[in-house]
Amino acid sequence: MRARSIETARRILCVFPRYTSAFGTFEYAYPLTDGVKAFMPPQGLLLIAAYLPANWPVRFVDENIRAATNEDFEWADAVFVSGMHIQRQQMNDICRRAHAFDLPVAIGGPSVSACPDYYPSFDYLHVGELGDATDDLIGRLAQDPSRPPEQVVLKTIDRLPMTEFPIPAYELAETKKYFLGSIQFSSGCPYQCEFCDIPGLYGRNPRLKTPQQIIAELDRLRECGMTDTVYFVDDNFIGNRKAALELLPHLIEWQKKTGYVMRLACEATLNIAKRPEILEKMREAFFVTIFCGIETPDPDALKAMQKDHNMMVPILEGIQTINSYGMEVVSGIIMGLDTDKPETADALLSFVDQSRIPLLTINLLQALPKTPLWDRLEREGRLVDDDSRDSNVDFLLPYDQVISSWRRAMEVAYQPEKLYARYQYQCDYTYANRLKVPVSPEMKTWANIRRALIMLRNIFWQIGVLGDYKKVFWKFALGRLKRGDLEGLIGPTMIAHHLIKFARAASGGEQNASNYSIRLREASVPAE
Ligand code: SF4
């Protein structure tokens, strides 16, 4: 549903800020694609855009693709911004630019919901999810589009049920310019890992959309030209296992009907490995990747962070089980935990070798507001407010030792030989277990063939000819070419290129050790 119609129309400019360079946004892979400029369409802003009264004109600008122009600001009556902590500096910059045009600026999304005090210059703070605060904001702008004399904070008390969410306005986004598509099925997570702000922000009882909503969204994404991988951005796809099991048959049917044009990916807890009935259906629905927050292979550390559910199955066995259903595991890893020892980096590197997971986001612990970790460290006087550091946690080990362990882990884990060996394993053992999908007419379109040819040209030229790890590349690439496996060639080589480049920058001290670091560097993805 949309907000109720209001006669006075206002023109709303929705601006999504640039990302600060991060491991998980894959920007080093973009030059190998056919014009990708940004990571994923932002769910939150596109949802708000779809919710606005039907007669309110909306423009959407993702500054990872292009910067909002003077003409955009001149057109608008008000500006909406949303983003995560890592985009804080860029969000404040958008506010400053909008104020130069004397426009009221509202901010919503996860960062302001957790930390309203990060955003003193915005006119409206929308704290919480879509709901009564959103209606209040719309009502106030309808009544008076000028800047209020002082900041107005609107907090959602009554959330709109997800079953009433409109389809995000995907049609406003340039879907072809995104690395991945995005979709949301649920919000919230039943667990309470010490470092995580999801239960505090979105609750422990997952809220859900209906399978029919998800199918309608997939149809819309397809109409908007999305044909690649679509990522379920839910914090835990199996937060409500019964609901996931009810959704999967609908996804399977949809994939059969539409010819498997989309691969699916999601985030889920590792204990999914205990649920063969879910994994089998995910395989049939063509899920190809699951991001699991493994965090650490150390059982004592998992216990200390209240993530015991990761140990319901021995970790390596769990990963192998998921692989046996054709799904690659991507893993989150945290360093700088209280349980870390001087030998933690070695233990982690040996886990990387044994698990054969190609892609692990290795971050330094960062305390986020609204988490049990934050409260504990505050009590212990171990929160550090120092912009020159890569984490706001006063580690038990010396800071320099933790940073150099992290750099070493990045450097060794992403040596081209090691990374390509892990991808080779995935090709031989994981991808081989995937559903053999028919080649549908939609996959054989000239546009798709052209796209693949452009990516191959870029990969062969930039890595195979100009690259500095071409020997390793060609050994892998020739193996894939001999099998006629272009997909197995394109996907892993693009991702590997990003990982190798990013890890080199990280181990050389040019990248943040935490995705949430307050040490905000200049965003590396330039808006045009
Ligand atoms: S399982 Fe994942 S989403 Fe849930 S609380 Fe733990 S880290 Fe957060």
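Note that ligands are numbered from 1 as they come in the structure, with each ligand's atoms numbered from 1 the same way. Values below: every heavy atom of this structure, side chains too, minus hydrogens, waters and symmetry copies. Computed from a predicted model, the values in this text were never measured in an experiment.
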For the residue pair F26 and F39, categorise the inter-ring angle as parallel (less than 30°), tilted (30 to 60°) or perpendicular (more than 60°).
-> tilted
What residue and heavy atom of the protein are closest to atom 6 (Fe) of ligand 1, and at what distance?
-> C193 SG, 2.3 Å
Do me a favour and list the nearest non-hydrogen protein atom to atom 4 (Fe) of ligand 1 with residue, atom name and distance?
-> C189 SG, 2.3 Å
Does ligand 1 have an atom that lies less than 4.0 angstrom from a heavy atom of P199?
-> yes
May I ask you to establish whether R422 and Y414 are in a cation-pi arrangement, using a distance under 6.0 Å from NZ or CZ to the six-membered ring centre and at most 45° from the ring axis?
-> yes
Salt bridge R18-D93, side-chain N to carboxylate O under 4.0 Å | no
The closest protein heavy-atom partner of atom 2 (Fe) of ligand 1 is K307 NZ, 4.0 Å
Nearest protein heavy-atom contact for atom 1 (S) of ligand 1: which residue, which atom, what distance?
-> T269 CG2, 3.5 Å
Honestly, for P190 the part within reach of ligand 1 (heavy atoms, under 4.0 Å) is neither
Verify the ring-centre separation between F287 and Y325: is it less than 6.0 angstrom?
-> no
Atom 8 (Fe) of ligand 1 reached by C196 (N, O or S, under 2.8 Å) | yes
Would you mind running through ligand 1 and noting each atom that sits below 4.0 Å from a heavy atom of H309?
-> 1 (S)
So which of K274, R275, K281 actually passes salt bridge (charged side-chain N to carboxylate O under 4.0 Å, His left out) with E277?
-> R275
R220 to Y170, cation-pi by 6.0 Å centre distance and 45° axis angle | no
